[in-house]
Amino acid sequence: MINLSSLKPTLFLFFLFSLFLHLATASNAPYQPSDLILLDCGSSENTTVDRRQWTGDLESKFGPLEPSYKKSVYSTALIQGDSQVPYTTARLSGSPFTYTFPVTAGQKFVRLYFYPARYQGFDRSKDFFDVKAGPYTLLRNFSATFYARGWNTSTFIKEYCINVEKDQQLNITFAPSVGSSNGSYAFINGIEIVSMPTNLYYTPPAGLGLNYVGQKWRFYLRNDTALEKMYRFNVGGGAILPVKDNGMFRLWEDDIHFLAWAGVVYRELNFSPNYSKISRYTAPDDIYRTARSLGPKKTYNLLRNLTWVVSVDQGFMYLIRLHFCEFLEHVITRVNDRRFSIFIDNQTAQLDFDVFESSGGIRIPIYNDYMIVVGSKEETDDYYLYISLHPNASYYDDVILNGMEVFKLNDSEGSLAFPNYVPPAPAPEPASPQLWLPTKKSSNKKTLLIAVGGSVMGLLTILSLFWYIYIRQQRKRKHNGSYHKSLSCWRWLNPSTGLSSRTKASSLPKELCRHFSLVDIKAATNNFHESLVIGVGGFGNVYRGDLDDGAMVVAVKRLNPESSQGAQEFKTEIEMLSQLRDTVCPQVHVSQ
Ligand SMILES: *[C@@H]1O[C@H](CO)[C@@H](O)[C@H](O)[C@H]1NC(C)=O
Ligand SMILES: *[C@@H]1O[C@H](CO)[C@@H](O)[C@H](O)[C@H]1NC(C)=O
Ligand SMILES: *[C@@H]1O[C@H](CO)[C@@H](O)[C@H](O)[C@H]1NC(C)=O
Ligand SMILES: *[C@@H]1O[C@H](CO)[C@@H](O)[C@H](O)[C@H]1NC(C)=O
Ligand SMILES: *[C@@H]1O[C@H](CO)[C@@H](O)[C@H](O)[C@H]1NC(C)=O
Ligand SMILES: *[C@@H]1O[C@H](CO)[C@@H](O)[C@H](O)[C@H]1NC(C)=O
Ligand SMILES: *[C@@H]1O[C@H](CO)[C@@H](O)[C@H](O)[C@H]1NC(C)=O
Ligand SMILES: *[C@@H]1O[C@H](CO)[C@@H](O)[C@H](O)[C@H]1NC(C)=O
Ligand SMILES: *[C@@H]1O[C@H](CO)[C@@H](O)[C@H](O)[C@H]1NC(C)=O
Ligand SMILES: *[C@@H]1O[C@H](CO)[C@@H](O)[C@H](O)[C@H]1NC(C)=O
Ligand SMILES: *[C@@H]1O[C@H](CO)[C@@H](O)[C@H](O)[C@H]1NC(C)=O
């Protein structure tokens, strides 16, 4: 049996995030938006999807308003794919049309749903249009077809934050681009409007303003500015779908595709965050229950950054919100346990930041907002924005991040528009062999699909058979007989070829790793017998296994295809475990 008291701190960490407890349901009541509009454009029916009711816009009180001699048409996409409401139908027109939403005063999320498919009577290559909401230009000469192709997705959502003054209506106008080509048209599949808590992102009248990276003065984000959501990540925890948000139906994406290096994921799924520092509606609890860090190797950490790379439009100002919460009880217990510096766009945003110090304790979420201007208005290339965390000397020499949001602010003319990406631009060469640069072409595909289809992760999990072997080999006893050396490596097994390829995470020569077949593992765990379950994690069960006729006892982690955690998280955890060389208990991972 494992004697817990003899375990090293690193192992204790390992136990905290590997033997997950099942998620306790959130005690947090969701936010109740005063306005909640879901308009299914081009449809005459009301449809319920994910327990949310979409209202058809035919004869709707919101319009559209248009000249009677140039009526828009409603149409059903010729190819439905696996899309669902509101993507199945669209309203299209060769002339402008306007929806008018009589909403309450205050800040709103406006979400536009697009499915650039072929629609009867419209040439798919001519969808060039402008979208205006109130005084703001959200999109100009926008091609949904190009956009979808650029991100390699069939459907997508554009999200904005807009303030509506008292006694004002929110008018959203779709207008074909003039001068583009004859026959250009505008279309929309769905519109969602959801109120948000006052000053969720905006600076309150008496607020202190935001840090302006590289500048001395502070920035006040006022109601006259519209925001466009560029990215919203649940760091280390996988996607959180809109229905799982705390009442505002925000999509929190998986950050894994935007990381230069995955770092180490920590999870603690059963605590209630203490919202004494920030509004409880800032983010769903789950954001604060997972985090990424560099890992337990101090010397190694000091040589590294934990870096996210996102592509953004040049010449705009951005709001970057970083969410933090220390949640490892008995691990982070005082100021100076974990201190780090934050760099945004390679500039210092904050030095010597300590989450425990700023929040005043453990399990108290906080966030930091930063403003930055990137690139120049003349450039139309993708701009790669780096967000890096680097440890400062402290007890753990580590960093932490739980969530991230990136918003674009309108320019001085009230516009958020950026030219289309016509030919997909190649990504710049990675700076180091380990650096992986996400591109517009592939990076968002999965997360968007999750929002839409929901089953990509499950599919991935089933399709990819990979397994990890982590063995602690007790070397021949040296000298005083107490020297132990541990050994780790993992292999990626390609299900189609049966060949495994070593990956960058594997740091030891192949010969030193011991490989097991599924048959061996089944024998060791008595075909994954229930009586041998020693724990349940987010990925599935953890089994006790006896190898070499009981000469070695191992823990076997099995990735359950129905697990809420996906293959990518499993892989991340494996990578993380590969670093814990001092772990006492040997690990074997299996997925099938
Ligand atoms: C759809 O719902 C709206 C309001 O929720 C209602 O006014 C309308 O009659 C409904 N339409 C149909 C076809 O049920
Ligand atoms: C912005 O608008 C909201 C509601 O419309 C109001 O409560 C808030 O005080 C306004 N903020 C500023 C800075 O004017
Ligand atoms: C929105 O459109 C309606 C109808 O055309 C108009 O009466 C109203 O003034 C517009 N509101 C704004 C803020 O432009
Ligand atoms: C709209 O964008 C397309 C593709 O980028 C371009 O060919 C066209 O000239 C643009 N039209 C206007 C009016 O800017
Ligand atoms: C657009 O159509 C008009 C009349 O139908 C024609 O005179 C003009 O040349 C066309 N322009 C282009 C760019 O095709
Ligand atoms: C939440 O944190 C505050 C300190 O910021 C503390 O005073 C309070 O007791 C905590 N509440 C709970 C329920 O732990
Ligand atoms: C971490 O990032 C900052 C800002 O980009 C950079 O100056 C520094 O050299 C990086 N450190 C390492 C170890 O990569
Ligand atoms: C930031 O640093 C990365 C890698 O160090 C580099 O590739 C990138 O071009 C830098 N960005 C800027 C704006 O200097
Ligand atoms: C913390 O780390 C940053 C970046 O490595 C460095 O610029 C800063 O001087 C460090 N502060 C201390 C007190 O070590
Ligand atoms: C956004 O647009 C509004 C209206 O044009 C303007 O007053 C405001 O200053 C703009 N915001 C920024 C950050 O430039
Ligand atoms: C685009 O997505 C499809 C499937 O959705 C995939 O087969 C293809 O490889 C992707 N292309 C790129 C360039 O990522």
Side-chain angles (χ1 to χ4, degrees), residues 24 26-28 213-214 258-261 268 270-280 282 285 288-289 293-294 298-318 320 324-330 332-368 370 372-379 381-401 406 425-439:
S27 54
N28 235 352
V213 177
F258 301 86
L259 276 160
W261 176 72
E268 174 65 63
N270 66 340
F271 73 92
S272 296
N274 175 346
Y275 292 100
S276 57
K277 288 279 172 185
I278 58 170
S279 155
R280 56 196 285 221
T282 306
D285 292 352
Y288 300 110
R289 290 175 172 139
S293 70
L294 284 164
K298 293 177 70 158
T299 46
Y300 174 83
N301 290 355
L302 289 169
L303 301 172
R304 300 206 73 135
N305 278 347
L306 191 55
T307 302
W308 287 260
V309 188
V310 293
S311 75
V312 294
D313 301 335
Q314 301 218 41
F316 286 92
M317 208 182 266
Y318 288 87
I320 294 155
F324 302 99
C325 180
E326 288 287 7
F327 55 77
L328 293 177
E329 219 174 4
H330 309 306
I332 301 293
T333 53
R334 54 182 176 259
V335 173
N336 264 337
D337 272 352
R338 181 165 14 212
R339 233 173 226 294
F340 54 95
S341 296
I342 301 166
F343 301 94
I344 295 177
D345 198 25
N346 301 352
Q347 301 180 61
T348 304
Q350 192 144 5
L351 288 176
D352 302 312
F353 180 61
D354 186 321
V355 178
F356 193 94
E357 185 177 59
S358 296
S359 65
I362 197 163
R363 299 182 172 175
I364 304 175
I366 52 169
Y367 62 80
N368 289 353
Y370 303 96
I372 191 153
V373 179
V374 305
S376 98
K377 200 84 189 165
E378 283 72 52
E379 301 291 331
D381 298 345
D382 281 1
Y383 188 92
Y384 290 93
L385 180 62
Y386 285 66
I387 296 138
S388 304
L389 310 180
H390 184 71
N392 274 99
S394 53
Y395 187 76
Y396 287 104
D397 290 344
D398 205 349
V399 306
I400 184 173
L401 186 66
V406 179
E429 280 300 305
S432 75
Q434 295 210 333
L435 198 64
W436 180 85
L437 281 171
T439 66

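Remember, it's 1-based here, ligands and their atoms both numbered in the order they're listed. Owing to the predicted nature of the structure, the values given are computational and were not obtained by experimental measurement.
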(message) A cation-pi test, strictly: NZ or CZ of Lys298 under 6.0 Å from the centre of the six-membered ring of Tyr395 and no more than 45 degrees from its axis. Yes or no?
(response) yes

(message) My understanding is that we take every heavy atom of each candidate and find the minimum distance to atom 13 (C) of ligand 9. Doing that for Leu302, Asp352, Ile342, Thr348, which one comes out nearest?
(response) Asp352

(request) Ignoring angles and geometry beyond distance, decide whether Asn274 reaches within less than 3.5 Å of ligand 6 through its nitrogen or oxygen atoms. (result) yes

(message) Among Leu302, Leu306, Asn392, Leu294, exactly one meets side-chain contact (heavy atoms from CB on, under 4.5 Å) together with Asp398. Which residue is that?
(response) Leu294

(request) Give a yes or no on whether the backbone of Val355 and the side-chain of Ser358 come within a donor-acceptor separation of less than 3.5 Å. (result) no

(message) Checking contacts now, so for atom 2 (O) of ligand 6, which I'm interested in, is there any protein heavy atom under 4.0 Å?
(response) yes

(message) Determine whether a donor-acceptor pair (N or O, by modelled atom type, separation under 3.5 Å) exists between the side chain of Ser394 and the backbone of Arg339.
(response) yes

(message) Side chain or backbone, does Asp345 bring an N or O within less than 3.5 Å of an N or O on ligand 8?
(response) no

(request) Could you check atom 14 (O) of ligand 9 against the protein and tell me its nearest heavy-atom contact, residue, atom and distance included? (result) Asn392 ND2, 3.2 Å

(request) May I ask you to establish whether Arg363 and Phe327 are in a cation-pi arrangement, using a distance under 6.0 Å from NZ or CZ to the six-membered ring centre and at most 45° from the ring axis? (result) no

(message) Determine whether a donor-acceptor pair (N or O, by modelled atom type, separation under 3.5 Å) exists between the side chain of Gln314 and the backbone of Ser376.
(response) yes

(message) Check for me whether Tyr384 has a heavy atom closer than 4.0 Å to any atom of ligand 8.
(response) no

(message) Which residue and atom name correspond to the protein heavy atom nearest atom 7 (O) of ligand 9, and how close is it?
(response) Leu351 CD2, 3.6 Å

(message) Parallel, tilted or perpendicular, judged at 30° and 60°: which one describes the rings of Trp261 and Tyr300?
(response) perpendicular

(message) Show the atoms of ligand 8 that are less than 4.0 angstrom away from any heavy atom in Asn346.
(response) 1 (C), 2 (O), 3 (C), 8 (C), 10 (C), 11 (N), 12 (C), 14 (O)

(request) Could you check which of Ser276, Ser272, Pro273, Gly360 puts a non-hydrogen atom nearest to atom 4 (C) of ligand 6? (result) Ser276

(message) With the threshold set strictly below 4.0 angstrom, can you tell me whether any protein non-hydrogen atom sits that near atom 9 (O) of ligand 9?
(response) no

(request) Provide the closest heavy-atom pair for Val399 versus Ser293 in the form atom of the first, atom of the second, distance. (result) O-CB, 2.9 Å

(message) Please verify the inter-ring angle class for Phe340 with Phe353; under 30° counts as parallel, over 60° as perpendicular, anything in between as tilted.
(response) perpendicular

(request) State if Phe343 counts as touching ligand 9 under the rule of any non-hydrogen atom under 4.0 Å. (result) yes

(message) Among all protein heavy atoms in this structure, tell me which lies nearest to atom 5 (O) of ligand 9, with the distance rounded to 0.1 Å.
(response) His390 CD2, 3.3 Å

(request) Identify, by atom number and element, the atoms of ligand 8 in contact range of Tyr383, meaning under 4.0 Å from any of its heavy atoms. (result) 13 (C)

